[in-house]
2 protein chains.
Amino acid sequence: MKLSCINISVDDSLFIKNPETTDLGKKIVENGISLMVELGYEAFTFKKLGEAIGSNESSIYRYFESKHSLLLYFVNWYWSWIEYRLVLQTHALQDKQEKLKIAIKILTEKVTEDKQISFVDEAKLYKIIMCEATKAYYIKEVDQENKKGYYRAYKRVVQRVSDMVLEINPEFKFPHMLISTIIEGSHNQYYFSEHLPSLTDVNNKNTNVVEFYTTLVQKVIS
Amino acid sequence: MKLSCINISVDDSLFIKNPETTDLGKKIVENGISLMVELGYEAFTFKKLGEAIGSNESSIYRYFESKHSLLLYFVNWYWSWIEYRLVLQTHALQDKQEKLKIAIKILTEKVTEDKQISFVDEAKLYKIIMCEATKAYYIKEVDQENKKGYYRAYKRVVQRVSDMVLEINPEFKFPHMLISTIIEGSHNQYYFSEHLPSLTDVNNKNTNVVEFYTTLVQKVIS
DNA sequence: TATTTTTTGATAGTATTACTTTTAATTTTG
DNA sequence: CAAAATTAAAAGTAATACTATCAAAAAATA
């Protein structure tokens, strides 16, 4: 599935100047993803990114307020992309069970190849989601940022899949809890499998995370 | 349950000088917990902690290498305490189901009062676990730190409860995955209920997190 | 009690981070 | 081609995350 024509849009409030509109902006996002994967969020700086793209620190600040904003941009891009895939792959389906099953697969599977949507490498982006995404909202400023709508894309995805759960079982009391549990859970499991294997049972091929959370949801909502 | 006689021991490698052995050390831990809750991990510094306890930054560095080490100390203290409670409250029980149920309660319930084990306020400590604990292992240095045994206490708890699952259903393939999912899940749910309520269904009294994860485990392993 | 050792406090210093500001050069657009 | 916008370079600031030194205070021990 290569669709270089479609565009994932990220909310205006997340950047000072839209990086999609210029070459430098695209470079910042593209190389920003690579460098953040390589160095990790803590060691990543705009100065280093500037050096990596042969540009200046101060130029990057004209696009993003801080590295935290850049992370928020990545996270929102990711969730917008997931939402797009969710709609595309489930919209036409009649069978509610099948619909939910596909949604769970999209939410819990590891992204291992670049799907080439615009200038973003989705496989690398997934690593940021897996390793760094929670740092975007486990912060003291979370309430203010939430008010500004910085987590909207994530919340929209949880709502969408929660609704699929309720379509199957309208009596079920904890759909959001269930869906956020499997999303965060799957990220943890892939991370644990790479770094803290005794906290998981994931095999080398990562094939059982999707399986585990799919049966989990089925059993829990029935 | 107040047992000021018992002592939670934290592995030697996690500090330079054992804070339990001196007044200053205890002050560092006690006020360190309060200040980290108050400011959040990112804004917390040893300089500020020094001011708070009327002591010097450099003196704190004689106990802990960095604020990251201090966080690791807190996290390990917490998991050692959980392990202690786990053993204490399940050891005498015969009924395997009952045993697991109590373990899940211990793992997923919010700690809201100071149980007064030594000089640590467990309710405040829980807030650190809920908001900051993942920052102790979602870092680039995770593999080296794991080799040094810095996450041992957490892994021991997961192993212990996974074993309880296997006692009930020896055929179950994903016990570690299940237990780490409910541990991390419950922390997320309490955090979401306070800051991102649309990601959860937790009510004001937080009563349904334990309920949700207890039924979840029961359904998944049967 | 005297003395040795350990612990702590105060001060200063370094390298890096996370920015902001200014100015000049370059590029884009009308 | 001129005006406007964008970018690069350099310098500056305040804070962080430490390290090092040295003297004072406290504790241990002989």
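Below, chain A is the first sequence line, B the second, and so on; all start at residue 1. Quick note: numbers below take in every heavy atom, side chains included, and nothing from hydrogens, waters or symmetry partners. This structure is a prediction, so every number in the text was calculated from the model and none was measured.
A tilted orientation is assigned to the rings of B/Tyr137 and A/Phe192, their planes being inclined by 30° to 60°.
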Short N/O separations, protein against nucleotides 26-30 of chain C, under 3.5 angstrom:
none

For A/Arg156 and A/Glu83: C-alpha separation, side-chain torsions, deciding distance, then whether side chain to side chain contact (heavy atoms under 4.5 Å, CB included) applies.
CA-CA 8 Å; A/Arg156 243 172 14 231; A/Glu83 190 180 24; 3.0 Å; yes

Test side chain to side chain contact (heavy atoms under 4.5 Å, CB included) applied to A/Met164 and A/Thr90, step by step:
CA-CA 10 Å; A/Met164 294 185 197; A/Thr90 65; 3.8 Å; yes

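The distance from atom CG of A/Leu49 to atom P of D/dA8 is 12 Å, rounded to the nearest whole Å. Rounded to whole angstrom, the span from the CD atom of A/Glu141 across to the C1' atom of C/dA18 amounts to 14 Å. As a whole-Å value, the separation of A/Ile60 CD1 from C/dT21 P is 18 Å. The CG-P distance, from B/Asn18 to C/dT7, rounds to 12 Å in whole Å. Between the C1' atom of C/dT17 and the OH atom of A/Tyr41 lies a distance of 12 Å, rounded to the nearest Å. As rounded to whole Å, 16 Å separates atom C1' of C/dT8 from atom CZ of B/Phe64. What separates CG of A/Leu24 from P of D/dA5 is a distance of 18 Å, to the nearest Å.
Applying the 6.0 Å contact sphere to NZ of A/Lys26 captures more than 12 heavy atoms from other residues, nucleotides or ligands.
Although no hydrogens or angles enter the test, the distance criterion places a donor-acceptor pair under 3.5 Å between the side chain of A/Asn146 and the main chain of B/His195.
B/Tyr138 is listed as a side-chain neighbour of A/Lys135, based on a closest heavy-atom distance under 4.5 Å.
If you look at A/Phe212 and B/Phe174, their ring centroids are closer than 6.0 Å.
Considering A/Ile183, A/Val161, A/Val157 in turn, A/Val157 is the only one that fulfils the side-chain contact (heavy atoms from CB on, under 4.5 Å) rule with A/Ile82.
Among the atoms of the strands shown, only primed sugar atoms or phosphate atoms (P, OP1, OP2) are found under 4.0 Å from some heavy atom of A/Tyr63.
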Assign a letter to each nucleotide of nucleotides 10-20 of chain D from its 5' end: B, base within under 4.0 Å of a protein heavy atom; S, sugar-phosphate only; -, no contact.
B-----SSBBB

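For the pair A/Lys67 and A/Phe44, the NZ or CZ position fails the cation-pi test of under 6.0 Å to the six-membered ring centre and within 45 degrees of the ring normal.
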